[in-house]
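What you see is a predicted model; the values in this text were computed from it and never measured.
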Amino acid sequence: MVFGWLLLALLYLASLFWIAKWGDRNTPLARKITSNAYVYSLALAIYCTAWTFLGAVGQSTREYWMYLPILLGPMFVYIFGYSFITKLTLVSKKQRINTVADFIASRYGKRQAVALLVTFIALMATIPYIALQLKAIGSAFAIMSQQQDQQLIVVIATVFIAIFAIYFGTKQTDVTEYRRGLMLAISFESIIKLFALILIAYIGYSAWRGLSTDAFLHEYRSADALAVFTSYSFWAQTLIAGAAVICLPRQFHVAIIDNLNIEHIKTARWVFPLYLALTALVIPVIAMSGKVLFAEQNIASDSYVLQLAIFSDMLLIKIIVFVGALSAATAMIIVATLTLSTMLANDVVLPKLLDNPNQAGHKEDYGRTIRLVRRLIIALVLLLSYVYQQQLTGSRSLSSIGLIAFSLVVQLLPAIVGGLYWKKGHAHGVYAGLLMGLVSWTLWLIIPLLNEDMSVYSQSEILSQGALVSLFANAIAYIVFSKIAPARLIDKIQAEAFVRPAQLNQDNTKRTIINVHSSDLVTLLSTFMGPSRCNQLVSEFEQLHNISLLQHQVPDDEFISFCEKALGGVIGSSSSQALINSVLEGKKLDFTEVINFFDDTTQAMQFNMTALLTSLESMDQGISVIDKHLNLVAWNKKYVELFNYPDDYLIVGTPIEKLMRFNAKRGELGMGDIEDMIQRRLEHLKNATPHRFTRQRSDGHVVEMTGNPLPGGGFVTSFNDITNHVEIQKALEESNIDLEYRMKKRTEEVHSINADLRLEIERRNDAEKELIRARRAAEEANASKTRF
């Protein structure tokens, strides 16, 4: 039996691995499914952990409706806080945020100390929460297998989660990249745990109908139960849960960082609350059924879900519920571990590691180093969680541990909300607020909870009061110290970028045009693109729409959109829209807005310049560029190697005449009067005369120089060392000369042989004639002898 449940756990964990692996495939079907809004919406249900799956039922048996706040808070946030979630996501995408610590640190002047403090709070809140999930896994295995020793399954689950998180969470160093397989696996687990809860609620309700004659949920309709809705603790915990769904590192990552399309939030706005509502509906049914069925047995209320599955005596239901419990725990552990590893790596380990002077010159290994650091941190976090689960979770209920973690992590709320809506929010306010919140949290929560004799209800009351008191103290300190602290320029720039992101200024309302004509937009285009390019684009627009733009004509929407797109190609879409709107509406841009609007443009220009310089450096030809005043402005490494100028010569702004004179004195310009040669070359440059010629230098190298003028003045010259080409050409010419000589010599030899052959032929002809004459004479002599 034990082996069977262990094998089932391993098979389920392996199936998660397969699902995530399939989701990472770059096939059309995989991309279509993983890019679906419902996958994103269901992944948000990672919020529902073992606390919800098991602990909420236990809390409901003791306190009736007090389980609701943990579900109502997120429902209210997504239903009524849609604009807040959207803005949070837009800002994070624009600023390339990768964790909640990165968000807060970036907003408040990009201070690493802020990130360290936030990471410390997240670590304190998350380690006990992961331990809670490990405890739930062990409890589920022990109950279903009837085996008291649950450490084996906890160890196996911990090791598997470490492997899963390392494999799917550290493939790439860019954690803002959408992890399709991971999101698909989390969504699948969300479906499993909701289905398991609904199934067990049906089983429990069917069993309750056969045993009880009381009215359905009669205890939940009593005066004592309904009084919960007017209690301080109920609404305090609702506020805490609403804040937690924003501040929890794992929830922030899934909802914000892993958001593939901003439009998906519209779907999540109703799918996620519906998921929570269904969960909330089945919990009292399970709790009521468990109390009736197990009234005479000493069974912990936190295990009613699992005990009802055993009560059904159906193997399939046991399997589904056990897998649901695993889903509720493993999904949270995986994402929480990944998020913590990113925060610890980025904000604690890597800043120290990469600043190490011994790492200089090894930048090519940074990607491997970052992945290795994150993998080690994942293993360390899970090890700490396992140790915590072994030592400290034996006497705590699931709900109390979860609420403690929530009450700590919500200390990040003032910094997040203030960072999005209050420009004067300052890093000093964050420091003061978080420290004040931590001190208050410790005094109100930790010290009273050390009393083991305190009832669960008293614990819940103190947790609720302490959380709100510490949160209130945090907010007051944040506001006061933010107002006192002097703001630096970086604080103002980041405040503008987060409070008024460029994307949010876009709307579909009709623009107000204040005394603006088409000529004004043309002037704006000409300023950024140059007159010739501007005239070309305007002419193309007129031909395309078969119109003629009038200078004093009020621009229509088509021409405005055209100008935005044309300008966006130069300075970026957000910057172009900001400029166009400021022109149309007659607004002035303050200093911080200008810097913020052109942040994208600056980054694009820096990227393009870096790409250009890299391309120049990788070229085989030497390149030099001079401006219209004949001063050197750019060059590449090959140019330096070719001419070997002194160090103080190659400086931006050096007159090209100085370099020419240096070369002339070395004999690089050829023979003749130095001043005459220099003036002749300067005249070519001033007249923007293209040229192409070769020069043999004093060291024997042959350089081909090609010069072309630049638009608006200036000259670019390329220097190509063609020594090898010239030597090969000379070798070929020498080979041709030698071949011609040899062919001529061979021809003369053939002619001589032919002459000798002709003489021999003539000699033989003469000999043959003599032979014929001799034969004839002999014949005549013989004939004469016969006559006589």
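Around OH of Tyr431, the count of heavy atoms belonging to other residues, nucleotides or ligands within 6.0 Å exceeds 12. Within a 6.0 Å sphere centred on CE of Met436, heavy atoms belonging to other residues, nucleotides or ligands number 12 at most. Annotation: Tyr421, atom OH; neighbour count of heavy atoms from other residues, nucleotides and ligands within 6.0 Å is above 12.
Not counting sequence neighbours, the partners of Phe234 by the ring-ring contact (aromatic ring centres under 6.0 Å, His included) test are Phe229. Under the rule for a side-chain contact (heavy atoms from CB on, under 4.5 Å), Leu281 has no partner lying at least two apart in sequence or in another chain. For Ser482, the side chain to side chain donor-acceptor pair (under 3.5 Å) test picks out no residue, with sequence neighbours left out. Under the side chain to side chain donor-acceptor pair (under 3.5 Å) criterion, Tyr108 pairs with Tyr478, not counting sequence neighbours. The ring-ring contact (aromatic ring centres under 6.0 Å, His included) test applied to Tyr64 returns Tyr220, not counting sequence neighbours. Scanning for side-chain contact (heavy atoms from CB on, under 4.5 Å) contacts around Arg269 gives Tyr82, with sequence neighbours left out.
Of all heavy-atom pairs between Tyr40 and Asp258, the closest is CD1-O, 4.1 Å. Heavy atoms only, all atoms of each residue included: Ile257 and Ile97 are closest at CD1-O, 3.1 Å. Contact detail for Pro249 and Ala122: the closest heavy-atom pair is CG-CB, 3.7 Å. Scanning all heavy atoms of the two residues, the minimum distance from Gln133 to Thr49 falls at OE1-CB, 3.4 Å. Considering all non-hydrogen atoms of both residues, Val410 and Ile240 come closest at CG1-O, 3.4 Å. Residues Cys247 and Val409 come closest through the heavy atom pair CB-O, 3.5 Å.
Without hydrogens or angle criteria, Gln251 side chain to Leu44 main chain gives a donor-acceptor distance under 3.5 Å. Side-chain N or O atoms of Ser231 include one that pairs as donor or acceptor with a backbone N or O of Val228 at under 3.5 Å. Without hydrogens or angle criteria, Ser106 side chain to Phe103 main chain gives no donor-acceptor distance under 3.5 Å. The backbone N or O of Val323 lies less than 3.5 Å from a partner atom in the side chain of Ser327, making a donor-acceptor pair. Remark: side-chain polar atoms of Ser440 are not paired, donor with acceptor, to backbone N or O of Gly437 under 3.5 angstrom. Side-chain N or O atoms of Tyr67 include one that pairs as donor or acceptor with a backbone N or O of Ala280 at under 3.5 Å. For Ser407 (side chain) and Ala467 (main-chain N/O), no donor-acceptor pair under 3.5 Å exists by modelled atom type. The backbone N or O of Leu420 sits less than 3.5 Å from a side-chain atom of Lys87, completing a donor-acceptor pair. One N or O on the side chain of Tyr275 and one on the backbone of Ser190 form a donor-acceptor pair closer than 3.5 Å. No donor-acceptor pair closer than 3.5 Å links the side chain of Lys193 to the backbone N or O of Thr52.
Residues Val417 and Phe84 meet the side-chain proximity criterion, which asks for heavy atoms closer than 4.5 Å. With a 4.5 Å cut-off on side-chain heavy atoms, Ile186 and Leu42 do not count as touching.
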